[in-house]
S.K.: 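First the structure, which I've put down as structure tokens, then a few questions once you've had a look.
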Amino acid sequence: MNSWRQRIRPEQIRELSLVGLIVIALLVFGWQIENFLSARTFNRITTSVAIVGMVAIGQTLVVLTRNIDLSVGSIVGFTAYFVGAQLAANPTMPPAAAVALAVLVGGAMGLFNGVIVAYGRVPAIITTLGTLAIYRMLLINYANARTITVDSLPSWVVELSRQTLLTIGDFAVRPLFAITIIAVIVFQFVLGYTIFGRRLYAIGSNPEAARFAGLPVQQTVLAAFVLCGMLAGLAGFLFLSRFGNITAVAGQGIELESVAAVVVGGVNTFGGSGTVFGALLGAFLIDLLGQGLLRWLGISEFWRDALLGLLILLAVASDSVILGWLRRLWAAPAVRVEAGNER
Amino acid sequence: MQTTPVLEMRDISRRFGNTQALDGVSLRLYPGEVHALLGENGAGKSTLIKIMTGVHQPDSGQILLDGKPARIGSTLEAQRLGIAAIYQEPLMYPDLNVAENIFVAHAGRRWLVDWGQMYRAAEAILAQLDVHLDVRQPARGLSVAAQQTVEIAKALSLQARVLIMDEPTAALSAHEVEQLFAIVRRLRAQGVAILFISHRLEEVFAIADRITVFRDGRLISSALRTEVTVEQAIRDMAGRSVEQLFPRRHTVRDEILVQVRNLGRQGVFQGISFDVRAGEVLGFAGLVGARRTDVGLALFGIAPADHGTITIAGQSVRITNPHQAMRFGIAYVSEDRRGLGLSLPMSIAANITLPTLQRYLNSLGLLRRRDEVATAEEFRQRLAIRAPSVDVAVGTLSGGNQQKVMLSKWLNTRPRLLILDEPTRGIDVGAKAEVHQMIDQLAAEGIAIILISSDLPEVLAMSDRVLVMREGRQMGIFARHEATQERVLAAAMGQSHTVGTTTAETIGSAS
């Protein structure tokens with residue numbers, strides 16, 4: 001009778017509670033806002049979550065190791081602009097090459113971050129705050145006040161974000177969202193079933209113990225940053241596809257959104273616990289609240305940032321309280337099970 | 001001039017969980033007297049100091065200051081009452097200068113710092129100690145001895161009348177010890193009551209007026225220095241009560257598994273030489289600061305040795321990281337379960353398989369979680385780990401069960417040499433007996449074991465031979481039948497000549 005308790009861990013309940021919150025938000029907004037539960041809202045949210053969610057996957061990997069990557073906003077912006085410029089110059093470039101280029105450029109930027117954090121022993125928050133500014137400066141220099149426009153790009157780029165893969169009722173699933181969902185599934189699997197994934201958790205929850213267990217701590221942290229950069233690069237490509245018009249401020253603020261998604265999604269900022277699926281749910285909830293409040297209360301875009309900040313604070317502050325409460329709830333019957341076995 | 005004691009502790013008792021740290025202890029500190037406190041690890045010295053300095057409160061007993069009952073509710077109160085303590089590692093603010101460090105506790109009494117006056121006052125105090133130090137120099141880069149002097153000056157600036165010195169000489173050179181003693185004598189002449197704690201008997205006998213010995217939280221003896229001998233003091237410290245001796249079987253095999261010669265690490269330990277045979281338990285005994293753990297860490301490659309040789313199963317090896325050590329079949333179970341050993345939010349199964357994940361891969365390179373769980377289940381039954389399932393977070397388990405998860409994790413690496421560092425510290429009596437039984441069992445299976453333990457009766461009961469260390473040096477190796485508490489303790493305190501250890505085996509540590 002206690003088997004479900006043993007199978008489901010408190011951390012998983014924490015994630016499931018996000019689904020509950022999303023449903024509640026949907027119900028409230030659907031009831032209060034005319035036409036909220038429509039194909040259009042679904043489309044807007046999924047497209048926007050596709051980009052933030054992709055970045056949040058990488059952010060999850062980094063946060064799991066007790067680090068943070070604040071430079072992702074600039075990486076998204078830089079790769080979006082850079083790949084856009086290359087495509088404008090060589091319209092015949094095959095799609096696969098364009099995607100590979102985005103991933104490669106993002107990966108290189110992630111590598112730079114990772115080397116400084118893992119080998120230079122500079123705290124990640126400082127390193128990536130620095131590169132956030134540096135990568136943005138690179139973009140501003142490179143862009144030189146020019147703008148990538150939809151018209152200058154090969155048509156397939158922008159088409160990609162407008163196609164429909166499949167429709168469920170009125171709801172259309174767009175390729176960008178599908179790509180992110182696939183990436184989430186892949187990385188959920190990586191975290192759960194590969195040595196690399198296990199090492200991320202081990203290093204985050206106790207770096208010294210990981211060292212004692214003979215794990216390559218530095219290489220693993222480096223790999224997390226490189227992957228985070230690569231995913232941000234891929235997100236940059238999605239960004240290009242979604243907007244088509246790219247300026248030097250592209251992707252600004254995504255660092256905050258991705259951190260918010262990760263934290264709201266239940267990834268522990270002290271490392272060691274959390275999943276990419278949770279981060280995706282976090283991204284969903286945040287975007288839903290943002291869109292909903294925007295239309296319900298007519299609040300301005302600036303409120304969105306404040307909302308993000310508030311959600312981050314709430315999530316982090318409530319996390320230990322809620323998890324502690326759940327763990328106690330779990331531990332209590334466990335003692336009874338033990339006593340039962342001994343009789 | 002034996003008047004009223006400045007500080008009197010009367011019938012002090014204090015309990016921590018299952019351990020009676022102090023049991024009805026009384027102690028008087030007189031002005032102008034150096035009172036030495038001796039005792040093995042865990043004898044209760046630290047607890048007494050913490051009660052004197054207001055860190056802990058006694059469960060029962062009385063504290064009298066100048067003959068009047070007093071309460072030391074906090075460290076701040078202790079400071080106000082004129083009780084100061086200095087430790088082996090001084091607590092400095094490295095970026096503040098000497099004068100600022102001396103007067104740091106005075107901060108907040110005035111709005112502005114009068115720098116000129118502060119420097120003059122600092123110089124005056126140092127002059128009182130007959131010490132020459134530039135008061136404008138930052139504390140960073142000062143020697144430990146100089147830092148201690150600053151600590152003493154700080155205590156004087158607060159009008160300390162009781163000065164507690166906890167192992168102050170452990171990190172000092174012989175010359176610096178002399179200088180410290182000159183300061184101590186000067187303080188004594190000024191009427192300060194000094195409680196001096198040291199594992200170095202020669203120092204205790206050189207400086208103390210009165211010597212008190214603790215054992216198992218009780219006061220065993222207290223006498224003027226002129227009335228005790230070194231032998232007497234050692235005898236009083238030894239003879240710890242033995243709860244239940246675990247009957248070790250004789251499991252030593254002929255095959256020498258690990259041979260260590262003249263192992264050393266610059267500034268930490270040197271000249272360590274021993275053999276361990278398959279099925280043998282080699283105990284590492286010593287007092288705090290003996291550097292036993294550092295030898296273990298060197299063998300496991302965490303803080304590698306920089307000279308000497310290690311031979312494993314006839315093959316000469318160099319070990320520079322834990323990964324290598326594991327490949328050579330060495331496992332190290334740390335004393336610090338939370339800090340170095342376990343990932344508390346992770347499950348029992350994930351903790352156990354962490355160092356051996358390569359074994360759980362399928363042909364696609366993915367983890368076979370079912371096999372991990374099977375391994376964990378096997379250990380759960382074998383070591384009787386009490387947990388509802390192997391999926392629960394390790395952080396939810398009791399200390400004894402966490403210890404068993406640690407053991408499982410390292411046993412799963414199938415070690416040939418298992419280094420156990422304080423495997424029973426802080427776990428209850430029942431779990432302790434289980435760990436002892438496990439050690440015997442593992443030895444019987446042919447694993448060579450190095451048992452580092454500060455619990456002297458435990459080392460003696462569990463080991464086939466005992467290596468004694470003191471301040472980074474090897475003092476001797478005793479066979480089981482010659483290893484008495486007195487002998488091992490005498491060696492650990494550098495007094496081997498006084499208790500005759502002629503039969504002690506010593507492996508050539510030359511060259």
Side-chain angles (χ1 to χ4, degrees), chain A residues 2-3 5-12 64 66 189-219 267-268 270-274 320 323-324 326-342, chain B residues 297 300-302 321-327 330-334 336-347 349-362 364-369 372 384-398 401 406 409-410 413 421:
Chain A
N2 268 316
S3 63
R5 250 180 223 286
Q6 295 180 15
R7 219 162 288 151
I8 303 173
R9 299 181 57 179
E11 288 78 4
Q12 288 167 321
L64 279 180
R66 256 189 220 191
F189 201 72
V190 165
L191 287 182
Y193 288 94
T194 65
I195 291 193
F196 172 71
R198 190 65 62 80
R199 282 176 179 166
L200 291 179
Y201 286 105
I203 289 168
S205 64
N206 192 341
E208 276 301 300
R211 201 165 70 91
F212 265 70
L215 306 191
V217 176
Q218 288 173 315
Q219 288 99 305
V267 181
N268 192 335
F270 296 112
S273 77
S320 57
L323 263 184
L326 282 172
R327 288 206 180 105
R328 265 197 303 284
L329 204 72
W330 251 238
V335 174
R336 256 175 270 144
V337 172
E338 186 188 322
N341 286 347
E342 280 177 356
Chain B
L297 292 180
F300 194 57
I302 298 275
N321 62 51
H323 191 68
Q324 271 179 348
M326 281 160 59
R327 272 218 327 271
I330 301 175
Y332 175 87
V333 182
S334 156
D336 181 2
R337 287 191 294 273
R338 282 166 182 276
L340 308 176
L342 294 171
S343 303
L344 298 184
M346 291 171 70
S347 71
N351 267 284
I352 291 178
T353 57
L354 190 58
T356 41
L357 281 175
Q358 264 83 3
R359 262 192 238 152
Y360 298 92
L361 297 180
N362 64 18
L364 293 171
L366 299 175
L367 290 167
R368 289 175 312 204
R369 292 222 244 187
E372 290 186 71
I385 298 169
R386 274 176 280 282
S389 96
V390 294
D391 288 328
V392 302
V394 165
T396 63
L397 304 180
S398 71
N401 284 304
M406 278 264 283
K409 166 173 159 178
W410 291 107
T413 65
D421 195 350

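The basis for the numbers below is simple: all heavy atoms, side chains too, and nothing from hydrogens, waters or symmetry mates. Throughout, a chain's letter reflects where its sequence line sits, starting with A, and its residues are numbered from 1.
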S.K.: Hey, which of A/G197, A/S205, A/P216 has the most heavy atom pairs under 4.5 Å with chain B?
M.R.: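 Looking at each of A/G197, A/S205, A/P216 in turn, A/S205 comes out on top.
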S.K.: Does the side chain to side chain contact (heavy atoms under 4.5 Å, CB included) test come out yes or no for B/L367 and A/T194, once each step is laid out?
M.R.: CA-CA 6 Å; B/L367 290 167; A/T194 65; 5.6 Å; no
S.K.: Side chain from CB out, backbone as N, CA, C, O: work out which of these in A/R199 comes under 4.5 Å of a heavy atom of chain B, or both, or neither.
M.R.: side chain
S.K.: For B/Q358, is it the side chain, the backbone, both, or neither that has a heavy atom closer than 4.5 Å to a heavy atom of chain A?
M.R.: both
S.K.: Where on B/L361 is there a heavy atom nearer than 4.5 Å to chain A: the side chain, the backbone, both, or neither?
M.R.: side chain
S.K.: Taking all non-hydrogen atoms of both residues, which atom of B/S343 and which atom of A/N206 are closest, and how far apart?
M.R.: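 Nearest heavy atoms, B/S343 then A/N206: OG-CB, 3.9 Å.
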S.K.: For B/P322 and A/F212, which heavy atoms make the closest approach, and how far apart are they?
M.R.: CB-O, 4.0 Å
S.K.: Considering only heavy atoms, which portion of A/I195 lies under 4.5 Å from any heavy atom of chain B: side chain, backbone, both, or neither?
M.R.: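 Both parts, backbone and side chain.
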S.K.: Do you know which of B/K409, B/Q324, B/E372 has the most heavy-atom pairs under 4.5 Å to chain A?
M.R.: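 Of B/K409, B/Q324, B/E372, B/E372 has the most heavy-atom pairs under 4.5 Å with chain A.
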S.K.: Which bit of B/T356 is near chain A, if near means a heavy-atom gap under 4.5 Å: side chain, backbone, both or neither?
M.R.: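 Contact with chain A: none, neither part.
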S.K.: Of the backbone (N, CA, C, O) and the side chain (C-beta and beyond), which part of B/F300 lies under 4.5 Å from a heavy atom of chain A, both, or neither?
M.R.: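 Side chain only.
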